[in-house]
Protein chains: 2
Amino acid sequence: MAERGTAPSGGENLLFLTDEQLRKGIEAMFFAYRGFTADPDRILESHSYGRAHHRAIHFINRAPGTTVNNLLAILGVTKQSLNRVLRTLIEDGLVESRVGARDKRERHLYLTEAGQALERELSEAQRSRMRAAYRAAGPAAVAGFRQVLEAMMDAEQRRQFNAMSEGGS
Amino acid sequence: MAERGTAPSGGENLLFLTDEQLRKGIEAMFFAYRGFTADPDRILESHSYGRAHHRAIHFINRAPGTTVNNLLAILGVTKQSLNRVLRTLIEDGLVESRVGARDKRERHLYLTEAGQALERELSEAQRSRMRAAYRAAGPAAVAGFRQVLEAMMDAEQRRQFNAMSEGGS
DNA sequence: ATTTTATGTCAGCCTTGTTGACTTTCCAAG
DNA sequence: CTTGGAAAGTCAACAAGGCTGACATAAAAT
């Protein structure tokens with residue numbers, strides 16, 4: 001279990017695993033997520049949209065031409081739930097839905113000019129906060145941040161997260 | 001704009017601030033938060049409760065005897081919204097509401113035995129995932145994780161977060 | 001005595017999750 | 001070629017949990 005070397009080293013190195021430290025991590029996650037969504041939430045409210053719309057816009061932007069089914073897997077909601085959001089985005093002219101060329105059951109999703117504009121507005125707000133946090137914490141902290149977040153995901157989520165980076169760009 | 005010194009040093013140190021890196025951080029936050037809430041969500045569902053109940057239980061446990069108003073400030077919801085949740089928790093015998101001794105307008109909230117049992121079940125599930133993530137990432141990463149999360153909060157949230165630690169224990 | 005504060009409640013709305021039922025399309029087995 | 005199942009998407013209806021607004025009560029503060 002514990003290393004034999006200098007007596008305190010084992011105990012001290014595990015201080016970050018005490019229940020108290022874990023609780024602080026849990027609460028930090030709770031409050032930080034609120035900050036994380038605060039800026040987009042304000043923008044969305046002024047457009048009468050919610051977080052669900054933001055998520056759809058974000059991932060359509062990331063993978064233009066993605067199908068509804070694909071988006072479903074990423075967002076982890078039911079297709080009926082997603083459909084409602086997509087319908088309003090399409091009606092409002094932010095998203096375009098094209099019938100698949102090979103498989104006509106599929107709908108391929110694209111952001112229109114207006115959709116891209118809103119996406120930029122939302123993501124710039126979110127990046128701006130993230131940039132400030134990264135800058136304040138420094139590169140080493142950012143590396144740790146990313147490591148812990150990735151370790152916190154379910155295996156399936158981690159797979160999606162990593163797949164996202166490969167396909168991107 | 002760019003520093004004049006050794007050409008690559010400034011640029012390399014700022015690699016973590018590129019839009020691409022920021023986007024990855026944003027998506028990591030999204031997927032990690034899902035993992036973060038997945039275990040409690042499963043437990044809550046089996047009790048017919050939601051995240052709103054979890055949040056109330058968590059913070060009542062953290063500060064036994066806290067008032068409704070206090071909880072409202074921490075949770076950032078309306079009293080009507082919180083009241084609905086508290087009412088069911090009190091009806092179900094998980095939370096006890098005592099009229100204040102000094103100020104009889106206030107209600108002081110406490111977890112009952114049953115409430116504490118559910119709290120332990122929920123928080124142990126959450127700590128368990130956090131512990132695994134911390135262990136996988138190591139102490140240095142955890143320190144960075146906490147730094148970035150704290151920098152991501154609004155000033156008000158950070159104040160609450162830090163106040164939480166002082167009062168605790 | 002009056003006003004303010006803390007809490008609770010009712011009614012009604014919105015977003016976003018859910019399930020169930022349905023249509024259209026594709027594909028593969030007969 | 002037809003037919004039956006699977007897959008993609010849509011529509012309808014419901015529930016949880018946010019929200020606002022209006023109002024009631026009791027206690028504290030002025």
Side-chain angles (χ1 to χ4, degrees), chain A residues 30 33-34 37-38 40-60 65-92 95-110, chain B residues 30 33-34 37-38 40-60 65-92 95-110:
Chain A
F30 172 73
Y33 198 77
R34 279 231 297 247
T37 56
D41 281 354
R42 266 189 294 276
I43 295 170
L44 289 159
E45 196 182 9
S46 74
H47 291 255
S48 304
Y49 289 133
R51 272 184 212 174
H53 301 85
H54 183 188
R55 292 194 283 265
I57 288 173
H58 177 94
F59 287 108
I60 293 173
T66 190
T67 64
V68 173
N69 226 9
N70 231 285
L71 210 48
L72 241 41
I74 292 168
L75 297 177
V77 298
T78 58
K79 60 181 177 175
Q80 294 90 330
S81 202
L82 175 58
N83 188 256
R84 176 163 5 125
V85 168
L86 282 180
R87 200 191 315 157
T88 73
L89 289 175
I90 291 168
E91 280 170 6
D92 295 353
V95 167
E96 192 190 348
S97 165
R98 299 186 204 151
V99 172
R102 291 204 302 225
D103 189 335
K104 289 179 191 159
R105 291 173 302 181
E106 294 179 340
R107 302 299 138 88
H108 297 273
L109 303 169
Y110 300 87
Chain B
F30 172 73
Y33 198 77
R34 277 232 298 248
T37 56
D41 281 354
R42 266 190 292 277
I43 295 169
L44 288 159
E45 197 183 7
S46 74
H47 292 256
S48 302
Y49 291 132
R51 272 185 212 174
H53 301 85
H54 184 187
R55 292 194 283 266
I57 288 173
H58 177 95
F59 287 107
I60 293 173
T66 190
T67 64
V68 173
N69 230 4
N70 231 285
L71 211 47
L72 242 40
I74 292 168
L75 297 177
V77 298
T78 59
K79 63 175 179 175
Q80 296 91 329
S81 215
L82 175 58
N83 190 255
R84 183 178 16 199
V85 168
L86 280 181
R87 201 190 313 160
T88 73
L89 289 175
I90 291 168
E91 280 171 6
D92 295 354
V95 167
E96 191 191 348
S97 165
R98 300 187 203 150
V99 171
R102 291 204 304 225
D103 188 334
K104 291 179 191 161
R105 291 172 304 180
E106 294 180 339
R107 302 299 140 87
H108 298 273
L109 303 169
Y110 300 87

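Keep in mind the model is a prediction, meaning the values are calculated, not measured. Quick note on labels: first sequence line is chain A, next is B, and so on, each numbered from 1. All heavy atoms count here, side chains included; hydrogens, waters and symmetry mates do not.
A straight line from CZ of A:R51 to P of C:dG17 spans 10 Å, rounded to a whole angstrom. Here the C1' atom of nucleotide C:dT7 and the CG atom of B:L71 are 13 Å apart, to the nearest Å. Atom CG of A:L89 is separated from atom P of D:dG9 by 16 Å (rounded to the nearest Å). Counting to the nearest Å, the P atom of D:dG21 and the CG atom of B:N83 are 18 Å from each other. As rounded to whole Å, 13 Å separates atom C1' of C:dT5 from atom CG of B:L72. As a whole-Å value, the separation of B:E106 CD from C:dT4 C1' is 14 Å. Atom CG in B:L86 sits about 13 Å away from atom P in D:dG17, given to the nearest Å. The nearest whole Å value for the distance from the CG atom in B:D41 to the P atom in C:dT18 is 11 Å.
Residue-to-nucleotide contacts include no donor-acceptor pair under 3.5 Å from the side chain of B:R87 to the base of C:dG8. Between the side chain of B:R84 and the base of D:dG18 there is at least one donor-acceptor pair of N/O atoms closer than 3.5 Å.
The line from OG1 of B:T67 to CG of B:D103 is 9.5 Å long, rounded to the nearest 0.5 Å.
Judged purely by atom type and a 3.5 angstrom limit, A:R51 has no side-chain atom pairing as donor or acceptor with the backbone of A:L44.
Taking only side-chain nitrogens and oxygens, A:H53 never comes nearer than 4.0 Å to OP1 or OP2 of C:dT15. For A:T78, a side-chain nitrogen or oxygen approaches OP1 or OP2 of C:dT18 to under 4.0 Å.
For the pair B:S97 and B:I90, the tightest heavy-atom approach, listed with the atom from each and the gap, is CB-CD1, 3.8 Å.
Checked against D:dT10, C:dA6, C:dG8, the side chain of B:N69 finds its nearest nucleotide in C:dA6. In this structure, of D:dG18, C:dG8, C:dT16, it is D:dG18 that holds the atom nearest to the side chain of B:S81.
Relative orientation of the A:Y49 and A:H53 rings is tilted, given thresholds of 30° and 60° on the angle between their planes. Relative ring orientation between A:F59 and B:F30 is described as tilted, the plane-to-plane angle lying within the 30° to 60° band.
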Would you tabulate the nitrogen or oxygen pairs shorter than 3.5 Å linking the protein to nucleotides 21-27 of chain C?
| from | atom 1 | to | atom 2 | distance (Å) |
| --- | --- | --- | --- | --- |
| C:dC26 | OP1 | A:K104 | N | 2.9 |

Test log, rule side chain to side chain contact (heavy atoms under 4.5 Å, CB included), inputs B:R107 and B:V99: CA-CA 5 Å; B:R107 302 299 140 87; B:V99 171; 3.9 Å; yes
Please determine whether side chain to side chain contact (heavy atoms under 4.5 Å, CB included) holds for the pair A:I74 and A:L82, giving the CA-CA distance in whole Å, both sets of side-chain angles, and the decisive distance to 0.1 Å. CA-CA 11 Å; A:I74 292 168; A:L82 175 58; over 6 Å; no
